[in-house]
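Structure first, commentary second.
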Amino acid sequence: MVRNTCYPIDRIRADFPILSEKVHGKQLVYLDNGASAQKPSAVISQISKTYETAYANVHRGVHHMSQIATDAMEDARRKAQKLLNAGNEKEIIFVRGATEGINLVASSWGRANLKPGDEIILSVLEHHSNIVPWQIIAEQTGAVIKVVPIDDAGVFLIDEYAKLLSDRTKMVAVTHVSNALGTIVPVNEVIRLARENGSLVLLDGCQAVPHLSVDVQALDVDFYVFSGHKLYGPSGIGVLYGKEALLNDMPPYEGGGEMINRVTFEKTTYAELPFKFEAGTPHIGGIIALGAAIDYVNDIGFDAISAHEHDLLGYATERLNEMNSIEILGTAPAKAAILSFNIKDVHPHDVGTILDHSGIAVRTGHHCAQPVMDRFNVAATVRASFGLYNTHSEIDALVEGISNVQEMFG
Ligand code: C6P
């Protein structure tokens, strides 16, 4: 396998202070980026800088501090707009994360549009955040959920999906990249087929945005969500993209300050987009720092990030395939940054605990994707998830850690 020697890995790693930490006396090997990514100095210092020099509540004050905080927040909105290539900054709604973004659409759009017998299509690959909000709204409206199956490799079965579509389908809500298996879903085809049936499409981009370049206009997707904390930004902040006309037609999700035009006890009118969906004081410092995270990944470039992570995933897959008694779950030809596996006769939690003693952080469990676990008849897996700062020698450390586990368990 040819390595990309131009990728500035040493400089990138130096940007992440936490990567020089030791865990149990060993060098940290952080392979849990799917759960949350670490933060570069540019993001960490932006958080301090906001609170030290440019903080006040936004969209409220005529005073200087309020104005510069408002400008910085709106600048971050434009960065998120460019990241997704949204046509218009009103289509970028700041939410707490992907979970809140999906709940917002399921609740607001769902309450206004779903009727008994209408159908919502999900897939087996979904994170619980893209299942439960739809179950809640289906229960409230009488809508019905249909589920696209996957094959033994974890591939989204597009032909089965096509069979589920009908004029009853009102919403297709699927992940762009599976957080449990890494499968990249053929979203262009998903959207094209949904359009033929007149359905809307929401993509859960939580596991895609840190790894691939996304263009919501080229995709012609109706709603797209992601979380800042997986994109090297702070937790507690994320983005919901929605087409302007759809968002305009949707009722507010939460009521409160900021989302109103005029309030009287007789009648309240609502603010324009995007503020109609941003009730209350937002996560000002987090939004501005998310802007810094977007600048950071753009400086490296998604072509370079994707190529580097693809290289890491290929190398890790090759190394694990050479080992005995390892089962990799999720072997789809199109995959991103995730390697889920089990070691024969060893519980994933034991694997995770032993790896941790060598300083290696992986996630073990169901990854908030229990239907995926059920599909493979397992309760849990070990998941190594890669980010832009990981290296081949960290994969070597993982392989050595797995060998130690195998030796301990005979
Ligand atoms: N997955 C993981 O370890 P929040 O918690 O709102 O930031 O993101 C939820 C979410 C939604 N969709 C996908 C595809 C996700 O991967 C996640 C978060 C983490 O895989 C934490 S459970």
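Since we're looking at a predicted model, the values are computed, not measured. First listed ligand is number 1; within each ligand, the first listed atom is number 1. The figures that follow rest on heavy atoms only: side chains count, while hydrogens, waters and symmetry mates do not.
At a heavy-atom cutoff of 4.0 Å, ligand 1 is contacted by the side chain of R383 but not by its backbone. With a 4.0 Å cut-off on non-hydrogen atoms, E100 does not touch ligand 1 at all.
Ligand 1 has at least one atom lying under 4.0 Å from a heavy atom of D204. At least one heavy atom of K230 sits closer than 4.0 Å to an atom of ligand 1.
Counted within 6.0 Å of CD on E139, heavy atoms from surrounding residues, nucleotides or ligands total 12 or fewer; the atom is thus considered open. The number of heavy-atom neighbours closer than 6.0 Å to CZ of R319, taken from other residues, nucleotides and ligands shown, is above 12. More than 12 non-hydrogen atoms from other residues, nucleotides or ligands lie less than 6.0 angstrom from CD of E244. No more than 12 heavy atoms of other residues, nucleotides or ligands sit less than 6.0 Å from atom CD of E272.
Between N179 and ligand 1, a contact under 3.5 Å exists for at least one N or O pair. Considering backbone and side-chain atoms together, S129 places no N or O closer than 3.5 Å to any N or O of ligand 1.
Within ligand 1, the atoms closer than 4.0 Å to a non-hydrogen atom of T99 are 4 (P), 5 (O), 6 (O), 8 (O), 9 (C), numbered from 1 in the order shown. Every atom of ligand 1 with a heavy atom of C206 under 4.0 Å away is listed here by number and element: 8 (O), 10 (C), 11 (C), 12 (N), 13 (C), 14 (C), 15 (C), 17 (C). The S227 neighbourhood of ligand 1 comprises atoms 4 (P), 6 (O), 7 (O), 8 (O), with distances under 4.0 Å to a heavy atom of that residue. Listed by number with element, the atoms of ligand 1 under 4.0 Å from a non-hydrogen atom of A35 are 2 (C), 3 (O), 19 (C).
There is no side-chain donor-acceptor pair under 3.5 Å between Y253 and N103.
Ring planes of H366 and H128: tilted class, angle from 30 to 60°. H349 and H347 have parallel rings, their planes meeting at less than 30° on a 0 to 90° scale where 60° marks the start of perpendicular.
Nearest residue to atom 2 (C) of ligand 1 from H366, H229, R363, H176 is R363 (criterion: closest heavy atom).
Residues Y30 and I360 form no side-chain contact, since every pair of their non-hydrogen atoms from C-beta on lies 4.5 Å or further apart.
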